[in-house]
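Okay, structure first, notes after.
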Protein chains: 2
Amino acid sequence: MAKRSADGGERAPGMADVARVAGVSAQTVSRVLSGHPNVQERTRAKVMAAVDQLGYRRNNAARVLSSGRSRAIGVVNLQTNFYSRAAVTSGIENAAQAAGYAVSMATTASLDSFAIDRALSRLADQGVDGVILAVPLIHSSERIEQFTRSTPTITIDGSRTESAEVVAIDQALAARLATEYLLDLGHETVWHVAGPQEWLDATSRREGWRATLEAAGRSVPPPLEGDWSPASGYRNGLILGRIPDVTAVFVASDEMAFGVIKALHELGRRVPDDISVVGVDNIELAEYCSPPLTTVAQPFAHMGALAVAHLLRHIADPDAAPRPTVVEPRLIARASTAPRAGTGPAPAPPTRRPDAMAAPSRE
Amino acid sequence: MAKRSADGGERAPGMADVARVAGVSAQTVSRVLSGHPNVQERTRAKVMAAVDQLGYRRNNAARVLSSGRSRAIGVVNLQTNFYSRAAVTSGIENAAQAAGYAVSMATTASLDSFAIDRALSRLADQGVDGVILAVPLIHSSERIEQFTRSTPTITIDGSRTESAEVVAIDQALAARLATEYLLDLGHETVWHVAGPQEWLDATSRREGWRATLEAAGRSVPPPLEGDWSPASGYRNGLILGRIPDVTAVFVASDEMAFGVIKALHELGRRVPDDISVVGVDNIELAEYCSPPLTTVAQPFAHMGALAVAHLLRHIADPDAAPRPTVVEPRLIARASTAPRAGTGPAPAPPTRRPDAMAAPSRE
DNA sequence: GCACACGTTGTTATCGATGCCAATACAACT
DNA sequence: AGTTGTATTGGCATCGATAACAACGTGTGC
């Protein structure tokens, strides 16, 4: 019944053992270890000495049971190797760790509400204090809504439920930055390879792209759609490359963008000479593949940290008003884009200075 | 003191509540929920009905405290976005989840024993049943050894401690596959951009490369060294590209390999026409960047799953004999490699039959 | 000089589920 | 019929820490 260390019949020391060695009560040991202010310095020292001597560690399960708080947060994530997911997760872990919170992961292979509900269930069973939902929530369900109502929840990337706070990157702005940059280079219009439309950020990018073109009075080509994978970019590239009009493409992710570029190359269209390509994400390889990819950098780690901050605030004060937060992406110009062939060496003055390269610091 | 649901004064239902509604004892509820065999079907149904009606969930903390097992495993990981780390982690999460175990993450920014010890501490505080150490352990420490002695631990990628089981990819074989492939293409010798030598898999690759060259009676060029980043590959590529002899390079990771290729391009050396490049990892973009990268694929997800399987076995039976396991990598030939320039369409007879892809034999 | 406040420490009840053991019921055997 | 066995169920102690409250000693103000 009791937990025993693996190497013998010895049981791990408990607070009572520490208390005995230090000559105080268990409660005092608890106070010392929790950093409670009202403890005499001498007592504190005695306790700490006993703790060191016994190699004592507090039993987390007992603390959770007793205090009702687990000091753990859960993250629901998609089971993929997308750069963006990993980057956000990493930001979350750092921030949580710094705040003294543990992170429990629950990945889901599918986006249907059933699968997501299962992931949330696992986290609830773990007794997490709060949850960061880092997957798009296409269809919410009654069970999910009930969960978000009873457990502090932050959603990332635009998953929307009634009772959760949202932290997101301004995807419409990302699309606008990319599209305007291409228009400023003299391209007549800009084609788009979108992400899967179940993803809210994919639809936001598509709408941002469309709105930008319309605002500039340009024709809006029919959007293509991929699934974020390089392979799907490649497939779409094989289509785009066969359309003579195409001189500029905004692709909804870097990984798809490289697939597009590969296909264009195979069809004999040069990038950027014949066709300019802009991606989104600024993955680490974006600068080192050929050609270096112009892209829109997203502050993933920052967003993860922000999500944690909001979540902890929400845990501390469940009644605080939700406060949606949007962080801004940034264009990074590289060599996959060029002035439209025929417009000459001096492109029309850009609406924004292309100075984004100045400090391309990754986070 | 008690945990209350966020939306009111109601406390979450406990086993006693379920028992009352079902008209049985709490103990019977526990048995039903644990899948204990000796429960009458009628009783089980009554209990399940009560559980549904109340929306009851077992309190994890109480279970852990009472049973002494947490059904959670910990993973120590490096705080980076390396593809390999993410891929292994994903394999671990799937396998753990399938086995009904939760996963707790602890990332470390540095590899020194102090930082790793802190990560292990956090996991120990969480009360995990076992740990997968997915970072290289350069210097073990007494505290780390003590931890691995008292907690089931599996190390991945060659971190070695006295008392932990090891699951690893055969890195020497990976190096041999790459090097032999290049020699078979007619290259006189093969240069090497190694990973940071604190990483055991980096040194294993370097030694495998060296041994293969020596076995073939070739000269062994001085190895270069990067830090896994594309940028470091680029820096090394700027050096390699200035050495006329170089016709073939084995780079210890795909991301560095693309950095190398970019530098070679900038120096006017064509890949693969002038210089062949082989990477390691088979990241998703390897096929879609230009040129498509010949690389050695590593079964990351499989390794993660294997690590979990071993760990759970070890948790179930702490006295079982450690059983180191090695899984085998696989060469994937793409377009970044070509027969040595000047050897004509028919390369010199290879030192080994170029069947490396078919059935990689162990050494 | 007395009452009161405050800082410090100890005592007790409690969190919620499980392990162990006992008790019951009912079937199967000698 | 008596006895043994087995399946099912309940009672109680327990896991290890914390919350709430009580108790103690000391200083302070009136």
Side-chain angles (χ1 to χ4, degrees), chain A residues 1-5 10-48 50-51 54-72 124-127 129, chain B residues 1-5 10-48 50-51 54-72 124-127 129:
Chain A
M1 184 175 183
K3 177 166 50 178
R4 292 165 189 290
S5 75
E10 284 303 301
R11 77 168 29 170
M15 225 171 221
D17 301 304
V18 177
R20 200 174 321 113
V21 170
V24 298
S25 78
Q27 182 60 66
T28 300
V29 176
S30 172
R31 274 190 278 255
V32 169
L33 266 45
S34 304
H36 193 93
N38 290 346
V39 180
Q40 249 187 2
E41 197 45 54
R42 270 196 57 229
T43 317
R44 183 186 308 276
K46 275 194 302 187
V47 169
M48 291 312 289
V51 166
L54 295 176
Y56 168 75
R57 357 188 43 127
R58 278 188 290 190
N59 181 313
N60 188 251
R63 302 186 67 196
V64 173
L65 179 58
S66 182
S67 71
R69 287 165 311 127
S70 65
R71 298 165 200 80
D125 286 341
Q126 284 296 306
D129 288 340
Chain B
M1 185 173 183
K3 177 166 51 181
R4 293 165 188 293
S5 76
E10 285 303 302
R11 79 165 29 169
M15 226 171 218
D17 301 303
V18 176
R20 199 174 321 111
V21 171
V24 298
S25 77
Q27 183 55 231
T28 299
V29 176
S30 172
R31 273 190 280 255
V32 169
L33 266 45
S34 305
H36 193 93
N38 290 346
V39 179
Q40 247 188 6
E41 197 44 55
R42 267 196 61 228
T43 316
R44 182 185 309 276
K46 274 195 302 187
V47 169
M48 291 312 289
V51 165
L54 296 176
Y56 168 74
R57 356 189 44 126
R58 278 188 291 190
N59 181 313
N60 187 253
R63 302 186 68 197
V64 173
L65 180 59
S66 182
S67 70
R69 287 165 314 126
S70 64
R71 297 167 200 80
D125 286 341
Q126 284 296 308
D129 288 341

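Order of the sequence lines fixes the chain letters, A, B, ..., with proteins taken first and strands second; residue numbering starts at 1 for each chain. Quick caveat, the model's predicted, so the values are computed rather than measured. No hydrogens, no waters, no symmetry mates; every other heavy atom, side chains included, goes into these values.
Judged by distance alone, the side chain of B:S66 and the main-chain N or O of B:A62 form no donor-acceptor pair under 3.5 Å.
Using a 4.0 Å cut-off, no side-chain N or O of B:S30 falls inside it from OP1 or OP2 of C:dA17.
Nucleotide C:dC15 holds its C1' atom 17 Å from the CZ atom of B:R58, rounded to whole Å. Between the C1' atom of C:dT14 and the CG atom of B:N59 lies a distance of 13 Å, rounded to the nearest Å. Atom C1' of nucleotide D:dA7 and atom CD of B:E41 are separated by 14 Å, given to the nearest angstrom. In this entry the distance linking CG of B:N60 with C1' of D:dC15 reads 14 Å, nearest Å. Look at CG on A:L65: it is 17 Å from P on C:dA13, rounded to the nearest Å. To the nearest angstrom, P of C:dA17 lies 16 Å from CZ of B:R69. Nucleotide C:dG19 holds its P atom 13 Å from the CG atom of B:L33, rounded to whole Å.
Scanning all heavy atoms of the two residues, the minimum distance from B:L65 to A:A61 falls at N-CB, 3.8 Å.
Relative to the side chain of A:R63, the nucleotides D:dG16, D:dT18, C:dA17 differ in distance, and D:dT18 lies closest.
Sorted by first and then second residue, the side-chain hydrogen bond (donor to acceptor under 3.5 Å, both in side chains) pairs involving residues 27-43 of chain A (not counting sequence neighbours) are A:S25-A:T28, A:S34-A:R58.
Counting distance only, with no hydrogens placed and no angle test, the side-chain atoms of A:Q27 and the base atoms of D:dA19 include a donor-acceptor pair under 3.5 Å.
With sequence neighbours left out, the side chain to side chain donor-acceptor pair (under 3.5 Å) criterion links A:R57 to B:S121, B:D125. Applying the side chain to side chain donor-acceptor pair (under 3.5 Å) test to A:D129 and every residue at least two apart in sequence or in another chain returns A:S70. Applying the side chain to side chain contact (heavy atoms under 4.5 Å, CB included) criterion to A:V21, with sequence neighbours excluded, gives A:A50, A:Q53, A:L54.
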Between protein and nucleotides 7-9 of chain C, what N or O pairs are separated by less than 3.5 Å?
from  : atom 1 : to    : atom 2 : distance (Å)
C:dT8 : OP2    : A:N38 : OD1    : 3.4
C:dT9 : OP1    : A:T43 : OG1    : 2.4
C:dT9 : OP2    : A:Q40 : N      : 3.0

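If you run side chain to side chain contact (heavy atoms under 4.5 Å, CB included) between A:V24 and each of A:V47, A:V39, A:V32, only A:V47 comes through.
A heavy-atom distance below 4.0 Å to DNA chain C is reached by none of the residues of residues 14-23 of chain A.
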